[in-house]
> 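This is the structure I have questions about; it appears just below.
Quick note: numbers below take in every heavy atom, side chains included, and nothing from hydrogens, waters or symmetry partners. Values in this document were obtained by computation on a predicted structure and should not be read as measured data. Here is how names work: the chains are called A, B, and so on, in the same order as the sequence lines, proteins then strands, and each is numbered from 1.
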Amino acid sequence: MLATLVPLQAVVFSLVALGAPLVVLTRDPLRQALVNGIYGVTLVLLFVVLQAPDPALSMLVVSGIAYPLVILAAVARVRGERRSKETSDD
Amino acid sequence: MSYLPYAVAAWLCLVGLAGVATSKNLIHLAICLTVTQSSSYVLLLTVGYVKHGKAPIFKGVKLGTTAVDPVVQALTLTDVVVSVAVVALILALALDAHRLSGTVDPDRIADVSG
Amino acid sequence: MSWVPPLLVAIPLLAAAAVAGLDHVTPAPVQDALVIAASAATTAFAFVLLWHAESHEVVHWFGGWQTRGGVALGVDFAVGPLAAGMCAVIGLVVTLALLYSLTFLREAARLFDALMLVALGALCGFAMSGDVFNLFVWLELMGVAAYALTGFQVERLGPVQGAVNFAITNSVGGYLFAVGIALLYARTGALNLAQIGRTLSHGPAGGLVIFAMTLLFCGLLIKAAVVPFHLWAADAYAVAPAPVCAVLGGVMTDIGLIGVARLYWTVFDAPFGHGHAVGDVLLWIGLVTAVLTGVMAFLQRHLKRMLAYSVLCHIGIMLAGIGLLDSSGLAGAELLFLAHALLTAGLFFVAGILHVDHGLIDELHLRGRGRGCWAPAAAWFAGTIGLVGTPYVGIYLGHGLIDEGATELGRGWILALLWLGSALAGAALLRAGARIFLGWGDAGDPLLGEPFEEDPLERHVVRPLLVAVALTAVVLGVAISVVPGLGQRAEYAADRFRDRAGYAASVLHGRPVAPPPSLPVTIRHTSLESLLYGGGATILALGLALVGLYLRRLPRTVSAAAARTLAPPVRVLRELHSGVVGDYVTWVAVGTALFGGIWALLLRG
Amino acid sequence: MTRRLRIGVLAPALLGLAGLFAWAIAGLPAFGDYRGPYGYVLNRIVVPLRHSTNVVMGTTFDVRGIDTMAEEFILYASVLGVTLLLRDEASAGRVERRTRRLRSDAVRLLGVVMVGGGLLVGLWLVAFGYITPGGGFPGGVVLAGAILLLYLVGSHRDYHPFRNEHVLDPFEGIGAGGYVVTGLAALASGMPFLANLFGHGQTGTLASAGSIGILNGAAGLAVAVAMLLLFAEFLETYVVPLEPEDAGS
């Protein structure tokens, strides 16, 4: 049965399957951004083993550049403001 | 075993949905949405995969060599861009919600109901 | 090959790019003119397309990638009279909304205009597309534009909440749709609707096709906001600026239904067309939506929220018409769409005028404030009567055709439910009109819940323009039922839309359709039943409106008993509409699993 | 609903969906048994017809070019939307610009090298996208990222001219609009919308593939500008914190 699914592919599929709940269960957005980056890398690997270099490249720039930048900026903003509010409350 | 890839795609969809429905933070929720969407790329690429197929790029490769489906790859490219656009919008809304109410908890920004 | 279909997408999108690109180098009036001209030109081309589509299916293969040996290579737009008619009304409503917003929305006007034009292009593209992935792309495009437009008033939390709920629920819908596409592609190896339909017409359907259909339909029904996917719509439409509401409520919600109809008659009619299971589920969803949202409309005091539920009520009626799976039902849904789009837009425009005039949007706060505003009052009452379906006014003709379809299929019992829904929604609007423009009714109403926090609009508007736009929309909408020949043409359009073999032959092999019969140019008559129901619904709406106005003057025993029986269900209903997006996504999962389960039971084997 | 109730309603629904998924998957062909025909046909005909060795890009920019046009507009609409939604933050927050200069010359040199490298990689991805993997989208994102690096290695004043949306908007319009204009040009010359206009050149070189190159370039430009604007909108909200007393208003 394994003939159709190369072991390497099976491993990468399993990594992706493990990554998704980790992303969802990481409730702290900053940490989640990091976990999501790793999940993105597993998706890139998956695309590579599925012979899809173009989607892999797009996924790489998205999970390596686009998502981190906007997510980190949003997280920083939300946290920074909360901190400045807390200090002004004191 | 040869159905594992499809099961993974279904799993991603359900896990993402569960995350979206129970999220307490709009930024977290936006990322969960991308997990749900990753289900559709994984499914598309899985569906178009051909045993022993090469990437559909014929530079230095003889035409007619077995290659995987290029269509699903084109669709995936579009899908990835869609997800970036949607995430950016939801994050912008999250920042607005935070500016106006001091929270990014979707349960607590419910201003109107009924 | 016709050159018209791509223009309906290219003109608004190019104008959208130009508007933002030319900002700061062109004076504002020039840009305003450009925006209106682009939208008007799109509308005009839609009418040209309607004229062409009357005699043949207008097919355009992008990039010239035509079919080879029956295999579709590229993406096509395939337009019959029904889709062309949709585009024409979409163009009209967007043009009216843009005219209205000339003075109504001056702040951030460029961004607004560009997003409205993007939405216009996406709506037209969706109505014409003949490729399932292309449908998804237009769906996402109109969504992205609409989410941003909903959150336009960023200085308040309500719009942000509305936009968040809208964006998240509809994105989930979009992703379900995408998974459905992937499943269908795995089975058929095609994305062209006609080709998928042909592949599915032989071979067993099985769980794969049933679940793919469930995902595709649920994705679209989330956009169409039917129960239990409807919860986001009231939050979004209550807070978006009036011209945005006119477009969202008037045409964008309905587009999801057209997607369902298109997919059914090009694709899923092939494996499931021998039975009624698919249609019956749609019919029941429609019935429940019509009645439930009719009740919800009656419980609102926020004018735009009330209008939002009224939109959903008519969506339910249209879905029921589509669910009948015959030509009368589909033609009725199309005509109902035409009238409902224009009337709803007109009513949202009036609500915007009231908001600007008085800074209020709550029915009870506005009580008696509209006395003497004859033109807006006339528009409001005419629009409301048109939405109830009084014989030969507004949605009546469409409703009558749905009635005929139901009666022919031996399902006369659904008529009462459909008319009840439109009477309830109409009663709410009539009650609000009487309270605002005539000063009737009590100052308070325990049924309507807590007052809304008002959000005054301080705008310098050219009021006559707003009133003229509102009146134009309402007059056009009211007249739909008495346009000579329209009813017969809608039926012919529905026949063409339902002809799967004919559609596939024109798309895949370029074969012309049978020449259209010569159709009479007379006002289509409706059955006696429709006349009675239409009249009855009008009387019921008037009666209910009066009860709503004078709830406190009912004898104490009656009102106490009513309060005791009504209060608990009303409370439950309100609690279900919680405004929390996590709940909405949960209902999406429940609805999808439920409909999928029902279809699995009915269609298996 | 309370959270507990919500989870109680959600769990059975997801289980139901999982069951339906399983049922659907049982009807799928086994992994690797793609039966076509769409993909196989394109793999055979795109290279001889369009001289684009990368069939995926040929599909993206030619065979299914209309999808990609809509996709560019999705990105465009998203940028407009984010600008619209964050306009209050931008106008309220222009209080003080935090400037953080990196002192170490070595780090700055590294940065300059990375900026240069990023620009080259981005341009290369855009330019050769229809021959080898790459294309407008990843190229555009990398370009945007490289330009953003200028901001990270220098003071962010260096980034300022690019951040000014009045400079960028025309480019954004040109990128997305250019796509439509290319389509309309074909229509005006009597061909279908987005038909490939030019000669197809030599397979495997930059001049191959006709309009694919133009559309790819337009997409690259549109994506780069869109990403820059998006980054700018979000970073603006990051580097320019509101005064505490403004924060709640």
> Which one wins on heavy-atom pair count under 4.5 Å against chain B: A:S14, A:G19, A:P29?
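Heavy-atom pair counts peak at A:P29.
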> Let me know if A:L50 has heavy atoms under 4.5 Å from chain B in its side chain, its backbone, both or neither.
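Looking at A:L50, backbone and side chain both touch chain B.
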> For A:A33 and A:I71, work out which heavy atoms get closest and say how close.
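Here A:A33 and A:I71 meet closest at CB-CG2, 3.8 Å.
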> Side chain to side chain contact (heavy atoms under 4.5 Å, CB included) for B:L75 and B:Y41? Distances and angles first, verdict last.
CA-CA 8 Å; B:L75 305 188; B:Y41 338 131; over 6 Å; no
> Name the member of B:P56, B:A94, B:A67, B:S83 that forms the most heavy-atom pairs with chain A at distances under 4.5 Å.
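So the answer, after comparing B:P56, B:A94, B:A67, B:S83, is B:S83.
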> I'd like to verify something: which residue of B:P70, B:G53, B:A88 has the highest number of heavy-atom pairs under 4.5 Å with chain A?
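Among B:P70, B:G53, B:A88, the one with the most close pairs to chain A is B:G53.
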> With a 4.5 Å cut-off on heavy-atom pairs, point out which of A:A52, A:A66, A:G40 contacts chain B the most.
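Of the options given, most contacts go to A:A52.
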> So, for B:L29 and B:V20, which heavy atoms are closest and what is the spacing to 0.1 Å?
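Between these two residues, the closest heavy atoms are CD1-O, 3.7 Å.
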> Could you tell me which of B:I31, B:T34, B:V87, B:L12 has the largest number of non-hydrogen atom pairs under 4.5 Å with chain A?
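Among B:I31, B:T34, B:V87, B:L12, the one with the most close pairs to chain A is B:I31.
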> Taking the side chain as C-beta and beyond, is there a heavy-atom pair between B:Q37 and B:D79 under 4.5 Å?
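Side-chain contact under 4.5 Å: yes.
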> Minimum heavy-atom separation for B:G48 to B:V72, with atom names?
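For B:G48 and B:V72, the tightest heavy-atom pair comes out as CA-CG2, 3.9 Å.
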> Looking at B:A55, B:G19, B:A74, B:S38, which has the largest count of heavy-atom pairs under 4.5 Å with chain A?
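Winner by heavy-atom pair count: B:A55.
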> Evaluate whether atom CZ of A:R27 has more than 12 neighbouring non-hydrogen atoms of other residues, nucleotides or ligands under 6.0 angstrom away.
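Result for CZ/A:R27: enclosed.
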> Below 4.5 Å from any heavy atom of chain B, which atoms of A:V49 appear? Answer side chain, backbone, both or neither.
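Just the backbone, heavy atoms under 4.5 Å.
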